[in-house]
Structure formats: C-alpha cells, structure tokens
Amino acid sequence: MMSDIIEALGKNPRSKSSKSADMKFYSHVELDPGNLSVEVEGIGALSYPITAPQIEKLLEVSSKAKFGLKDKTVLNEKVRSTEEIKGDALKVHKSPAFDSMLDHMRKDLGLPGSAKIIPHLHNMLIYKPGQFFKKHQDTEKLEKMVATLVVVLPCAHIGGDLVIEHQEYSYVFSSENIDDHTIKCVSFYADCIHEAKTVKSGHRVALTYNLVLESGPVPLAIERNTKLEQTLEEYFKNHDRLVYVFDHEYTEHSLRWDMLKGKDLSNTLDFFACAKKLDLIPYLTLCARHEYWTTGYDGRYQYSPGPNEVDLEELIEEDTILSYWVNEKNENLSYGDCNVRESEICYTTPNQDLEPDDFEYEGYTGNAGCTASYWYKRAALFLIRKNAKLSMDFELNYQECMKQLLELTTFPGKEKQVIDTIEAAGKQFYQYQYAQSQYFIPLLKIACYIQDESIAQNILEHFAIHHFEEKTTAHLLNLQKTYGVSWTIERIQKWQKNSDKISIPNIGKVIQALIIQKSDIKFPTSFLEYQFNLIKAKHIKYETWRPVDINRDLKERILETKDLLLALNVIDDKTMLHSFSNHLLAHPIVYSELTLSQILSDLPKDDFKDLRSNVLAILHLEINKGLRDPDDWSIPQKLPCTCQDCTMISAFLHCKTESLKIWATPQQFRNHVTESFRGMEMPIDLSVLKQGSPHKLVIRKTEDLYTDAKAKFEKLQEYVQKLESL
C-alpha cells in the first residue's frame with residue numbers, strides 16, 4: 001500500500017532516473033557584470049575583472065575565516081582555509097536583473113509562487129591558491145532562512161569548484177575562468193552538504209548570501225491528483241494515520257508549510273488537497289528514527305568502521321518518534337512525542353539512502369556479535385482521520401484535553417457530550433493506567449458527573465488507595481450519592497488491590513474528614529482495615545531484618561504509627577485499637593520501649609490509656625533492673641547466622657566476663673564473620689592481627705556498651721516522668 005501511495009505521487013522510488021529529475025536542489029544563473037557593483041570599506045568600488053592590485057588590497061582588510069562547530073565558532077585551516085571580509089564592510093548595488101534572478105531561482109528550487117526570496121549579505125570570501133573549505137552544511141543563521149546564494153565575481157582563477165550534494169546526488173558548480181567577465185551565481189538549499197575545492201591558481205572571490213523566504217499563503221495543488229486521492233481513500237479504510245517523510249532537512253525554525261522545499265512542497269500540496277477531500281487533518285512534524293542491527297564480523301576492522309562500511313544482517317529493533325507539531329495555521333502545538341509504526345510510514349527516499357545523523361558500532365566482544373545503531377533526524381507530513389483526532393489529542397496532550405473536559409462538567413446537561421468525548425478518545429482517555437494521582441480528583445469529578453455506572457467504573461479502575469488524601473473525601477461522598485454505598489465500596493476495594501502495599505498518607509486527616517462529612521461508616525472502616533493490615537504485615541517482615549535496616553525508616557514508621565492510632569481513636573473503634581496496641585507491644589524489635597514512649601508522648605494525654613499503662617509497666621521493669629554492672633560485658637544480641645563459627649561468636653557476645661576474643665582463622669571465615677556483624681549495630685570493634693598463619697581475627701567489645709546503656713537508662717527515666725505527667 002505504501003508503494004502505491006508513492007507511485008500515486010508520480011515518483012517511483014525504485015527508479016533512479018525519475019528520482020533524479022525530481023531532485024532540483026540548486027539553481028545556477030549567470031549575470032552581466034553591470035547588474036552588480038561592490039564597494040569595500042577602505043578600498044572603494046571593485047572593477048571587473050578584479051585585478052591583482054585590488055586582490056592585494058582585499059587581502060589587507062580581510063581576516064582568516066572561521067566556521068561553526070556545534071555551538072562554537074572555531075578557526076581550523078585544515079577544515080576551512082580562506083580569507084573573509086564581513087558583510088557590514090561591504091556595500092552591494094543590485095539591478096532589477098538581480099531580483100529577477102532570485103525569482104528564477106525560487107522557481108528552480110520549487111518554492112511557493114506566493115513567496116519571495118530576500119537576500120541577506122553575509123560576507124565576501126577570497127580564496128588564495130591552495131585554499132579550500134571541506135564538506136560542511138550551513139546553519140540557519142536567520143529566521144526563515146531557506147537557502148544559500150554564492151555569487152562568484154569575475155576574477156581569474158583555476159580550480160575552486162563548489163560541489164553541492166543532496167542525498168546521493170551532487171552538482172559541480174564551476175566558476176574557474178581566465179578572462180570571462182560574467183558573474184556566476186548558484187543557490188542551494190541550506191540543508192545541502194557542500195565543499196569548496198582547492199583553488200589551484202589565481203583568486204576566487206565570492207559573495208555569500210543567506211536567502212530568507214518571505215512567504216505568502218500556501219497555494220493548493222493546481223491539478224487534482226485523483227490517483228493519490230483514491231489510494232489514500234483505500235488506505236484510510238483500515239488505518240487512522242499516515243506519515244510521509246520528507247527528503248529535505250528542516251529544523252524547528254524552518255518547519256513551516258510556506259517553507260517546504262522542492263518536491264516536499266509539491267507532494268505535500270497533493271496530500272493537502274486530498275486531505276480536504278477525505279476529511280483528514282494534516283500536520284507537519286519532526287521525526288527521529290533509530291535502527292539497531294546485527295552486523296557481520298570482519299576481523300579486518302582495526303578501527304571503528306563508518307556507517308556505510310558494515311554488513312547489516314538483521315534488524316533487531318526500530319522506532320520512529322514524532323515530535324514538534326505544526327498545524328495548518330503554522331502554529332506550534334503543545335503535543336508530546338508520538339511513536340509510529342513502520343506500517344504507517346512512507347517515503348520517497350528511505351533512510352538507508354541517507355547519511356545517518358549519528359552512528360554507533362559495537363564490535364565483537366566474545367560474548368555477543370557485532371551490532372550497529374543508526375539515528376536519522378527527518379521531518380514529515382502527518383495525516384490523521386478527523387474522527388481519530390480526539391484520540392490523538394488525548395494521547396499527545398492529555399492535560400489540556402482533561403482541562404477542556406472538566407470545563408464541560410461545570411455546566412448542567414452536558415453529560416452526553418462528556419460521554420461522547422470519552423468514547424471518541426477511546427483507550428487514550430484511560431492511558432494514565434496505574435495512575436497519575438494528579439488526575440484522581442478530576443476523574444472522580446467526571447465519574448460523578450456522567451451518572452453512568454459502567455463508564456464511571458472504567459474511569460476509576462486503575463487508581464490506587466494511596467492516591468487518596470483529605471481533599472479527595474468530598475468526591476468519594478459524591479460517588480456514594482451518585483452510585484450508592486455498595487458500588488463505592490467496590491471501588492475502594494479495587495483501589496486497595498492496586499496499591500501494591502503502599503500506605504495511605506495522613507490517614508488520620510482522611511478519616512477525620514470522612515467522619516465530619518458523615519460518610520457511611522463502611523468507608524473509614526475499609527480505609528483503616530487496609531492500613532492496619534498493611535502496617536502489621538510490614539512489621540512482621542521487619543523481624544527478619546538487621547537492626548540497621550529496621551532503624552533506617554524509623555522516623556517514617558513512627559509518623560505512620562501515630563497517624564493510624566489517631567485515626568483509630570477518631571472512629572472510636574476500640575476493638576481495632578486494642579488489636580493494634582497489642583501488635584505494637586508484641587514486636588519489641590520493631591517498637592522498642594523508647595520508640596513506643598516517643599509515640600505516646602506526642603499523642604493526646606486523655607487517649608490511649610491502656611497502651612500508655614502497658615508501656616509504663618515495661619519502662620518501670622527496665623528501670624528496676626538498674627544501671628549495667630561495670631563488670632558485665634554481655635551483649636544480648638546474637639548473629640543472624642547459625643553456622644558453627646557464628647554460634648561460637650554469639651556465645652562470646654552473651655558472656656559477661658569476656659571482652660576480647662582473638663581467633664586464628666582462614667580469610668574466608670574472617671570475611672564471613674565480618675559480614676555477619678554488618679548492620680547489627682553492636683558495640684564491637686573488629687580488626688585483623690597479621691601475625692602467623694592464618695592471621696587472627698580480633699573481636700573487642702567497646703566501652704560504648706556502658707555509655708549506651710547509661711544513655712538508655714536516663715532516657716527511660718525521662719519518658720516515665722513524661723508519660724506519668726500526662
């Protein structure tokens with residue numbers, strides 16, 4: 001089908017001769033010397049042909065020409081060797097014949113008839129014998145710059161041909177002369193690669209202009225392309241969109257309908273006329289193509305080969321992404337990136353016929369074969385069926401579409417229009433999937449507004465309970481009013497399943513808001529049961545963790561626990577509160593007596609009396625044990641590993657009288673014991689005594705054992721005083 005579309009354009013990509021005829025990327029015109037006079041600041045008017053004394057004066061006021069390299073301007077005479085006089089030191093007087101020449105060039109280059117080329121003088125270049133400018137591509141120096149004009153003034157020289165390339169085609173513009181008095185002019189598109197060959201003798205003197213397109217309205221195709229229209233009509237019976245990739249290069253500045261070049265313009269006008277007939281919407285867009293290939297291995301490569309030197313075998317991966325969108329009015333749209341399938345793309349020049357914008361070769365490594373990646377930056381025409389546009393809008397600019405849809409919900413009686421929009425947007429309306437919380441409230445509003453259970457269920461299907469917050473509660477109650485308690489509870493349970501064990505932030509405020517708004521009791525109960533079970537499951541999992549890992553999120557765990565206790569107190573569910581309190585007391589590894597004391601000291605004094613009483617009993621029990629005996633070196637913890645070596649070390653830890661152990665053991669066992677101590681947060685110092693064979697592992701209990709015990713004892717006393725005063 002794609003080959004049929006290209007054939008309908010009247011251009012067979014398989015035929016090189018027909019293709020070449022279409023590739024007019026330059027225009028060559030000769031002018032009589034009387035139609036152009038040049039004055040140089042400090043020298044005056046030039047005479048033709050330019051004489052040797054004048055050349056000497058020009059060289060005196062000139063400077064070495066630099067060139068652009070990425071974002072810099074550099075001087076490198078191995079790349080560009082020529083002399084330059086800036087445009088502001090020149091005054092050029094042009095006759096009407098010069099303007100006629102520009103219009104002739106516009107026609108040659110296939111630019112719109114409604115447009116006008118405006119020349120902006122850039123500089124004068126003087127090439128001495130042996131000077132040149134290697135292959136390069138001009139940058140768009142001005143807004144709407146479309147081409148470059150080179151005007152070679154009459155001056156005797158041999159060599160200095162200008163070679164202009166576009167894709168695989170080239171044109172040699174020869175200006176060499178001995179006594180020819182004509183002015184030789186050539187223009188070419190700004191995206192053409194070109195090269196000034198070495199001047200063999202004499203001097204080549206040229207003016208360069210940046211050609212800017214002053215555009216008018218884009219004309220429609222003069223003749224109706226019925227074959228293309230029929231082919232597109234057949235294609236769009238089974239497809240929603242089509243991408244036609246251009247031959248010329250464009251940037252964000254030059255991608256406009258009135259700046260399309262040559263065949264890109266004529267083909268686009270054909271497409272444009274068909275689009276109007278077939279209810280298609282056209283856009284211009286930039287596209288980036290990436291291809292990832294396996295390649296043949298050639299041991300001759302002693303270097304990284306170029307993109308045309310590798311033998312491609314199998315295409316592993318490919319993608320084409322569209323970005324930067326322009327509508328029919330030449331307005332830039334705030335659309336995001338769009339990935340298109342290969343089956344939706346057609347072109348008159350395939351990527352393989354072009355030099356890639358970037359290339360990467362991965363040579364043979366012994367584990368994997370050779371691969372090559374190619375990146376191409378191109379521009380394209382994008383056509384989409386009018387009834388599929390809304391889906392694309394939601395795909396590429398979801399935020400703006402949601403904003404417009406929400407505006408509809410502020411008016412009564414728009415329910416059908418909102419539902420029709422959702423159905424027309426199709427799967428793109430639901431693209432947020434598991435889901436962006438920023439759209440939770442907007443979609444809750446829409447779900448309530450449409451009063452359609454089935455569609456509302458689909459709208460809210462993929463959200464999660466952790467997206468819930470205090471300001472969301474009012475919309476939950478609106479769901480209850482619209483669809484009933486049972487339906488809403490089903491949604492809550494679905495959100496809980498989608499949450500992947502993530503807790504509800506600020507659940508205390510959520511529950512309080514639900515109580516204040518007099519929601520059905522099933523709502524806060526469901527939230528609390530979810531949070532309670534989630535926290536319990538996390539705490540049981542902590543039991544197998546090392547102390548350093550348990551304590552890493554202690555601050556977050558304390559806030560989460562206080563929040564749930566407050567929420568349980570708000571709802572006054574004594575059964576669940578009692579169960580949660582018992583859970584906290586039953587997991588001293590996760591909640592030490594000091595941690596529980598810290599939690600309770602921040603809670604209202606008249607609440608949680610049972611939990612406070614139990615914690616105080618534990619504190620008193622610990623205080624009654626008194627300070628650690630200065631002769632007691634026991635550490636109650638044990639290593640997590642139960643191998644013979646670690647069991648022996650655990651016995652040393654529990655021993656009251658031993659504070660030092662020196663153990664001759666092989667390195668692998670020393671490493672194992674050291675790893676067992678990692679993250680245990682014990683007052684232990686480990687070192688290796690490198691004497692004898694094997695070396696000795698030294699395990700020393702430190703004085704931190706006593707200082708930590710004293711600090712804890714004082715903290716226990718402090719919390720007893722604080723909790724008993726509440």
Side-chain angles (χ1 to χ4, degrees), residues 1-25 110 166-169 218-250 255 257 260-291 312 315 318-322 325-326 328 338-354 374 376 378-389 391-392:
M1 178 58 78
M2 291 305 180
S3 60
D4 293 338
I5 292 173
I6 298 302
E7 201 72 47
L9 289 171
K11 187 170 186 176
N12 183 355
R14 299 177 186 84
S15 171
K16 191 163 185 177
S17 60
S18 65
K19 186 173 182 181
S20 179
D22 291 327
M23 301 300 293
K24 195 63 181 290
F25 50 87
H166 179 62
Q167 296 171 8
E168 69 265 46
Y169 302 100
V218 180
L220 293 175
I222 298 173
E223 297 180 7
R224 183 178 171 192
N225 189 332
T226 54
K227 185 177 181 181
L228 178 63
E229 185 180 308
Q230 292 167 359
T231 308
L232 289 177
E233 185 175 21
E234 189 65 28
Y235 171 85
F236 278 101
K237 287 179 181 178
N238 302 306
H239 300 83
D240 286 336
R241 56 196 192 180
L242 174 73
V243 179
Y244 168 64
V245 182
F246 293 145
D247 286 346
H248 285 278
E249 293 181 21
Y250 301 88
L255 188 64
W257 296 96
L260 297 181
K261 305 166 185 174
K263 249 328 189 185
D264 292 344
L265 175 64
S266 59
N267 286 341
T268 296
L269 294 181
D270 281 349
F271 275 117
F272 198 96
C274 295
K276 295 304 176 185
K277 181 75 173 176
L278 300 174
D279 268 349
L280 306 174
I281 301 174
Y283 299 90
L284 297 178
T285 181
L286 297 177
C287 62
R289 169 78 173 175
H290 173 228
E291 296 177 359
L312 301 181
L315 183 62
E318 60 182 337
D319 62 76
T320 301
I321 297 174
L322 308 183
W325 299 79
V326 177
E328 295 177 56
C338 176
N339 201 313
V340 292
R341 296 183 294 273
E342 185 66 20
S343 60
E344 299 173 317
I345 304 171
C346 64
Y347 35 73
T348 49
T349 303
N351 290 323
Q352 285 78 6
D353 289 354
L354 305 175
Y374 295 78
Y376 302 89
R378 302 184 70 176
L381 170 71
F382 180 89
L383 297 175
I384 187 168
R385 288 192 300 112
K386 190 172 288 186
N387 59 5
K389 179 183 180 299
S391 177
M392 186 180 82

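Along the sequence shown, residues are numbered consecutively beginning with 1.
Contact between L242 and C346 at its shortest, heavy atoms only, is CD1-SG, 4.1 Å. Across all their heavy atoms, A380 and C287 have their closest contact at CB-SG, 4.3 Å. Nearest heavy atoms, L265 versus G110: CD2-O, 3.3 Å.
Between atom OG1 of residue T348 and atom NZ of residue K263 there is a gap of 9.0 Å, rounded to the nearest 0.5 Å. Atom CG of N225 sits about 10.5 Å away from atom OG of S266, to the nearest 0.5 Å. Note that OG1 of T285 is 8.0 Å distant from CZ of F382, once rounded to the nearest 0.5 Å. To the nearest 0.5 Å, the span separating CG on L322 from CG on L284 amounts to 11.5 Å. With rounding to the nearest 0.5 Å, the separation of CG in N267 from CG in D247 is 8.0 Å. In this structure, E342 CD and D319 CG are separated by 10.5 Å, a value rounded to the nearest 0.5 Å.
When the side-chain hydrogen bond (donor to acceptor under 3.5 Å, both in side chains) test is applied to E318, the partners found at least two apart in sequence or on another chain are R289. Taking E229 as the reference, R224, C274, K277, L278 meet the side chain to side chain contact (heavy atoms under 4.5 Å, CB included) condition, with sequence neighbours excluded. For E328, the side chain to side chain contact (heavy atoms under 4.5 Å, CB included) partners at least two apart in sequence or on another chain are F272, K276, I281, P282. Judged as a side-chain hydrogen bond (donor to acceptor under 3.5 Å, both in side chains), and not counting sequence neighbours, K227 has no contacts. Annotation: side-chain hydrogen bond (donor to acceptor under 3.5 Å, both in side chains) contacts of N387 (sequence neighbours excluded): R385. Here R241 pairs with E344 under the side-chain hydrogen bond (donor to acceptor under 3.5 Å, both in side chains) rule; sequence neighbours left out.
Using a 4.5 Å heavy-atom cutoff, the side chains of L9 and Y244 are in contact. At least one side-chain heavy atom of Y250 sits under 4.5 Å from a side-chain heavy atom of D264. A 4.5 Å side-chain heavy-atom check between L312 and Y374 finds at least one atom pair inside the cut-off. Side-chain contact between F271 and L280 is absent, with no heavy atoms from C-beta onward closer than 4.5 Å. L383 is listed as a side-chain neighbour of F236, based on a closest heavy-atom distance under 4.5 Å. The closest side-chain heavy-atom distance from T320 to N339 is not below 4.5 Å. Annotation: side chain of F246 is not in contact with side chain of K261 (no heavy-atom distance under 4.5 Å).
For the 3.5 Å distance criterion, the side chains of T231 and D4 fail to qualify, holding no donor opposite an acceptor.
Under a cutoff of 6.0 Å and an axis angle of 45°, K389 and Y283 do not form a cation-pi pair.
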query = Which is it for L228 and I5 under the side chain to side chain contact (heavy atoms under 4.5 Å, CB included) test, yes or no, and what are the steps along the way?
reply = CA-CA 6 Å; L228 178 63; I5 292 173; 4.0 Å; yes
Evaluation steps, side chain to side chain contact (heavy atoms under 4.5 Å, CB included), between M2 and Y235 = CA-CA 9 Å; M2 291 305 180; Y235 171 85; 3.6 Å; yes
